[in-house]
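Residue numbers begin at 1 in each chain, while the letters A, B, ... track the order of the sequences.
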Amino acid sequence: MLDLLAQLGRSGLAAIERLGRGHLLLLGMIGGLPSLVARPRLLTAQIYNIGVLSVLIVTVSGLFVGMVLGLQGYYVLSQFGAAESLGVMVAASLVRELGPVVTALLVAGRAGSALTAEIGLMKATEQLSGLEMMAVDPVKRILTPRFLGGLIAMPVLAAMFSAVGVLGGYFVGVGLLGVDDGAFWSQMQAKIDLHEDVINGVIKSLVFGVVVTWIALFQGYDAVPTSEGVSRATTRAVVHSALAVLGLDFVLTALMFGD
Amino acid sequence: MGRRSPRAHRPSRSQGASPARHGGPAPAGRRAARSDAEVLVRIRGLVFSRNGRRIFDGVDLDIRRGEVTAIMGPSGTGKTTLLKLISGQLHPDAGTVEVDGKDVHALSRGELYRLRTRMGMLFQTGALLTDLSVYDNVAYPLREHTRLPESMIRKLVLMKLEAVGLRGARDLMPAELSGGMARRVALARAVALDPMMIMYDEPFTGQDPISMGVLITLIRQLNDASRLTSIVVSHDVKETASIADYLYIIANGRVMARGTPAEVEAAQSAWVDQFMHGLPDGPVHFHYPADRLDRDFLG
């Protein structure tokens with residue numbers, strides 16, 4: 001019994017210690033942001049790696065999600081004679097929720113896991129120690145550009161996801177199911193609010209961008225420097241990111257849209 | 001690269017180096033007063049534990065300027081850990097590590113980084129940045145720490161690569177290099193800022209005889225030509241002893257032997273004799289401690 005309690009205590013302390021290290025890393029990355037002004041190429045390279053290379057998976061996913069929304073939305077709305085509101089429903093669902101959330105999950109799976117593996121392997125092959133020994137702070141040179149790159153890429157990718165999703169809903173609703181073209185767009189234009197819907201969606205994306213890249217980078221930086229350690233860290237990065245995104249989405253939705 | 005044997009590059013003053021000159025816990029009567037300026041790295045009362053295991057238990061050790069000092073010992077005795085303690089990557093539980101008169105672990109981060117620009121380290125894996133070419137790897141510290149124009153950086157990089165015989169490999173990526181070439185590139189990078197000392201972490205591990213010969217010669221030549229101080233951590237006894245001016249053998253958390261290679265070779269210690277000659281049994285037993293053989297097989 002005492003052993004069990006001691007084990008619990010040790011696990012709790014280790015978790016708190018880990019949380020502390022994670023926050024110190026976040027502070028270090030935020031503190032390193034000004035150093036990127038002198039090295040913009042480090043940032044553009046990471047926007048390319050995290051953002052541009054994720055465009056295909058994000059847009060294709062957005063298209064299918066939008067098409068499914070068009071189908072399901074039409075089925076429900078037509079029962080109440082409100083099929084013309086399909087455009088509003090598709091756009092609101094995408095801009096408020098699905099765009100930021102699904103994009104964050106996709107980025108966590110594609111770019112987040114790659115970031116964790118890259119940083120973990122750099123640690124395992126002593127590249128981070130090598131930088132330290134060259135009097136170069138790896139947090140500033142390696143982690144901070146990736147952090148800001150993820151932060152910038154996430155809302156842009158979410159916007160692309162939502163835009164392509166709306167087109168997918170349009171193809172299905174208007175093209176296949178016969179919803180009125182003008183009603184689809186005009187109702188969307190009238191009901192989607194810039195602040196209430198679009199800006200809140202962007203805020204969500206920014207928060208998810210911070211969380212997903214932070215978790216991915218911390219897991220890599222804190223990984224046990226062995227192949228098994230990097231493998232575990234990569235898995236943890238995706239799982240923790242997904243849980244954090246879904247949990248934070250609830251909190252943010254309650255704060256933004258709850259009365 | 002010269003074709004003389006590494007021994008031929010030795011400074012003559014080191015031939016007669018005595019343990020007393022290295023101070024630390026030298027045997028009583030042999031400890032002599034010496035100028036602080038002679039010692040670049042001074043370690044006193046070093047205690048360090050990891051995962052509940054004591055790696056160093058009151059180690060005293062001096063590294064003299066201009067010499068190649070080898071730290072040897074069996075695997076897992078903390079040789080690499082010692083380099084990390086000297087470079088401030090790890091913090092000791094007790095004791096001090098002074099480099100060029102500065103207590104490494106009392107420095108601020110900025111001061112430690114300034115000190116590190118004067119220290120080079122060759123990692124066991126080379127630790128080259130895999131997304132940069134050989135040229136860019138060697139240029140990296142110059143671009144980070146100097147404001148030299150690119151034309152000057154190019155000349156310096158080519159000089160450093162020429163010194164390690166890899167000027168022609170400047171456009172290769174690290175993945176295209178053999179293990180020995182990667183270490184030579186890492187060596188060129190380590191000396192890019194003309195440091196006062198270089199630490200070598202197991203430089204000979206996994207090298208073929210030719211690469212090993214090249215590395216042995218390079219370490220000695222660079223040390224003497226650039227007036228460096230070199231610390232070589234290794235368990236390759238023959239190769240390391242061939243270029244070292246002074247040896248420390250560490251095991252069980254303490255210094256087991258010290259002296260010039262000849263003095264260590266002649267040491268009257270069964271443990272040192274077993275280590276230096278690679279004997280399979282002796283004070284370090286061949287068999288891992290286990291229950292009695294008859295009990296295991298019959299009971």
Side-chain angles (χ1 to χ4, degrees), chain A residues 6 10 13-14 17 21 24-25 27-29 31-32 35-46 48-50 53 114-115 117-146 149 220-221 224-227 229-230, chain B residues 51-52 80-81 83-84 86-90 104 107 109-132 136-147 174-175 179 182-183 185-193 195 197-202:
Chain A
R10 268 196 295 272
L13 285 174
E17 200 180 321
R21 286 201 302 275
L24 284 175
L25 180 69
L27 285 178
M29 291 191 293
S35 68
L36 285 178
V37 176
R39 293 177 171 82
R41 284 170 66 182
L42 289 178
L43 178 62
T44 50
Q46 294 313 319
Y48 177 81
N49 283 338
I50 300 168
L53 295 181
L115 285 177
E118 183 188 19
I119 302 298
L121 281 171
M122 285 183 85
K123 186 178 182 184
T125 54
E126 296 180 312
Q127 292 180 57
L128 298 183
S129 298
L131 286 172
E132 279 275 355
M133 279 311 298
M134 283 190 282
V136 175
D137 185 353
V139 173
K140 279 187 184 167
R141 284 295 173 282
I142 305 294
L143 272 67
T144 303
R146 286 159 176 77
Y221 196 63
V224 178
T226 59
S227 47
V230 175
Chain B
N51 300 330
T80 302
T81 304
L83 292 188
K84 289 186 174 176
I86 292 172
S87 59
Q89 294 180 69
L90 293 174
V104 171
L107 297 176
R109 193 174 174 80
E111 289 168 333
L112 180 62
Y113 272 21
R114 272 193 291 283
L115 182 64
R116 281 184 185 162
T117 58
R118 299 163 61 210
M119 303 159 85
M121 183 156 175
L122 185 73
F123 287 88
Q124 200 171 343
T125 54
L128 296 176
L129 296 166
T130 47
D131 57 338
L132 299 181
D136 288 328
N137 261 288
V138 180
Y140 195 87
L142 293 165
R143 288 175 178 150
E144 283 290 332
H145 296 298
T146 70
R147 292 177 182 276
R183 279 180 216 187
V185 174
L187 186 52
R189 186 178 69 175
V191 296
L193 289 171
M197 66 181 267
I198 298 196
M199 293 175 280
Y200 298 87
D201 185 10
E202 301 283 5

Worksheet item: Quick one: what part of Leu193(B) sits under 4.5 Å from any heavy atom of chain A, side chain, backbone, both or neither?
Response: neither
Fill in: Heavy-atom pair of closest approach, residues Ser87(B) and Met133(A)
CB-SD, 3.3 Å
Fill in: Proximity breakdown for Leu128(A) and chain B, heavy-atom pairs closer than 4.5 Å
neither
Practice prompt. Could you give me the CA-CA distance, side-chain angles and deciding distance for Thr130(B) and Met122(A), then say whether side chain to side chain contact (heavy atoms under 4.5 Å, CB included) is met?
Written response: CA-CA 9 Å; Thr130(B) 47; Met122(A) 285 183 85; 5.7 Å; no
Discussion item. I need the single residue from Met121(B), Arg116(B), Glu144(B), Arg189(B) that forms a side chain to side chain contact (heavy atoms under 4.5 Å, CB included) with Met134(A). Which is it?
Written reply: Arg189(B)
Worksheet entry | Side-chain ion pair, Lys84(B) and Glu132(A), N-O less than 4.0 Å | no
Discussion item. Quick check: closest heavy atoms across Gln127(A) and Leu129(B), and the distance to 0.1 Å?
Written reply: OE1-CA, 3.3 Å
Worksheet item: Once you round to the nearest 0.5 Å, how far does CG of Asp201(B) lie from OG of Ser129(A)?
Response: 10.0 Å
Worksheet item: For chain B, which residues from residues 139-146 of chain A lie under 4.5 Å away (heavy-atom distances)?
Response: Arg141(A)
Worksheet item: What heavy-atom pair brings Ala127(B) and Gly130(A) nearest, and what distance separates the two atoms?
Response: CB-CA, 4.5 Å
Response to the item:
Minimal heavy-atom distance between Tyr113(B) and Asp137(A), with the atoms involved, is OH-CA, 3.4 Å
